[in-house]
There are 2 protein chains.
Amino acid sequence: MHDHAETHDAAGCCGDADGAISRAERICRERDLQFTRLRRDVLVAVAGQTKPLGAYDIAERLSAPGRRVAAVSVYRALDFLTENGLVHRIASRNAFVSCGHSHTDGAGLVFLICRNCGTIDETTSPEIEHQLGRTLAKAGFKPTSRILEVEGECGACLGRSAEA
Amino acid sequence: MHDHAETHDAAGCCGDADGAISRAERICRERDLQFTRLRRDVLVAVAGQTKPLGAYDIAERLSAPGRRVAAVSVYRALDFLTENGLVHRIASRNAFVSCGHSHTDGAGLVFLICRNCGTIDETTSPEIEHQLGRTLAKAGFKPTSRILEVEGECGACLGRSAEA
DNA sequence: TCGCCGAGTGTTACAGTGTATCACCCGCGA
DNA sequence: TCGCGGGTGATACACTGTAACACTCGGCGA
């Protein structure tokens, strides 16, 4: 897992990598999929961050003197993880974040990307999902996937700039 | 302009390149910006399509035996055009489409991307915009820009597959 | 008129992102 | 034991985007 696993095992300090891992294990067991070492490592790398990581960043992090992880392998692992809803791709950044919500599809997922600190937050809004459904129906469009990403300044950064 | 300009000058046949051009000319006049040949050519190339074009596609289209247009130049023109709301970037495709709506920012722009035929449509939904505003406010997030892209099957393709 | 300046463009080089392809390993069932 | 399929390693390559510098051209003040 990671270096200071003993000092905490709940959510918190690092994007809750442990939680993501156990969720992944459960999902793979349920769907009869392999949760291999590479896939686990990639998920840990992504989950240990609130900022999005590029595939090449991940490859670099996982590579050590003894082991070289090529970007291709990372992409394959990321494909697997995104297909199973464990990580999300941030289209506007060409980067990936681990999924916080154990999320029911169609929850109206919104990504909040902070211009200032680079942190990515997720929210959901059933109302947006509902309105979007109406809009699509009116347009005669049958959706298979959607992305909603908002860039701006997060609450924490707003607070910091206000007090300065 | 384009080859058969006389046969029509309204909307229609080719994504309404002419309309886009005249809108661009007006905007540049209003804002005291230069609507140069390169910028016009790039806009024409993009506006003549309902499918999104990559920057390199555009460069290729604009290049002719006598003139070579480098991708860099296209990127610069695209930056200019997107800044002024004349074209939009489709983040999920790394590609660009011309903007149909003479659009007031904050209209709740939605891109509908057809999996099947590749066509991109725009709609707007003030209701979504409204809900999104509420959601962001609740999260304490101050937005500067947003993207909402939906992938799926467009009405035309649904019709075609139904009749088959 | 001369020279400067700034915007736009051309050009080269390069960094970052993503995919195709083939080889290899390894577990598993026939 | 053999073959098979999924996962991985490795190389090569295509596509996307940016940095840096040179050049042109029009405007403007000395």
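First the proteins, then the strands, lettered A, B, ... as listed; each starts at 1. Because only heavy atoms are used, hydrogens play no part in the values below, and waters and symmetry mates are left out as well, while side chains stay in.
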Would you check if the side chain of S73(A) reaches a backbone N or O of V69(A) as a donor-acceptor pair within less than 3.5 Å?
no
(Q) Can you tell me if S73(A) touches the phosphate of dG9(D), counting only side-chain N or O atoms and a distance under 4.0 Å to OP1 or OP2? (A) yes
Rounded to the nearest 0.5 angstrom, the CG-CZ distance for L86(B) and F35(B) is 7.0 Å
Going by an N to O cut-off under 4.0 Å, is there a salt bridge joining D57(B) and R61(B)?
-> no
task: For the pair R115(A) and E153(A), find out whether any cationic side-chain nitrogen is under 4.0 Å from an anionic carboxylate oxygen.
output: no
Outer limits of DNA chain C sitting under 4.0 Å from a non-hydrogen atom of chain A, read 5' to 3', are dT17(C) to dT21(C)
task = Under 4.0 Å between any heavy atoms, over every strand shown, what does R89(A) touch: base, sugar-phosphate, or nothing? Just pick one.
result = sugar-phosphate
ask   = Using a cut-off of 4.0 Å on non-hydrogen atoms, how would the nucleic acid contact of V72(A) be classed: base, sugar-phosphate, or nothing?
value = base
From CD1 of I90(B) across to P of dG17(D) the rounded distance in Å is 12 Å
Taken to the nearest whole Å, CG/D32(A) to C1'/dG7(D) is 15 Å
request  = For K142(A) and L136(A), indicate whether the former's side chain and the latter's backbone hold a donor-acceptor pair under 3.5 Å.
outcome  = no
Q34(B) CD to dG27(D) C1', in whole Å, measures 11 Å
Q.
Would you say the rings of H88(B) and F111(B) are close, in the sense that their centroids are separated by under 6.0 Å?
A. yes
Ranking dT8(D), dG17(D), dG6(D) by distance to the side chain of N94(B), first place goes to dG17(D)
Taken to the nearest whole Å, CG/L53(B) to P/dC15(D) is 14 Å
Test side-chain contact (heavy atoms from CB on, under 4.5 Å), reference L53(B), set V42(B), V74(B), I58(B), output is I58(B)
* R68(A) side chain N/O closer than 4.0 Å to the phosphate oxygens (OP1, OP2) of dG9(D)? -> no
Q | Below 4.0 Å: OP1/OP2 of dT16(D) and any side-chain N or O of R93(B) | A | no
Separation of dG9(D) atom P from D41(A) atom CG, nearest Å, is 10 Å
note: I58(B), atom CD1; dT16(D), atom P; distance rounded to Å ~ 10 Å
Checklist entry - Under 4.0 Å between a side-chain N or O of Y56(B) and OP1 or OP2 of dT16(D)? => result no
Whole-Å distance, D57(B) CG to dG17(D) C1', equals 15 Å
Of the listed dG9(D), dG7(D), dA20(D), the closest approach to the R76(A) side chain comes from dG9(D)
In whole angstroms, the gap separating P of dT16(D) from OH of Y75(B) amounts to 6 Å
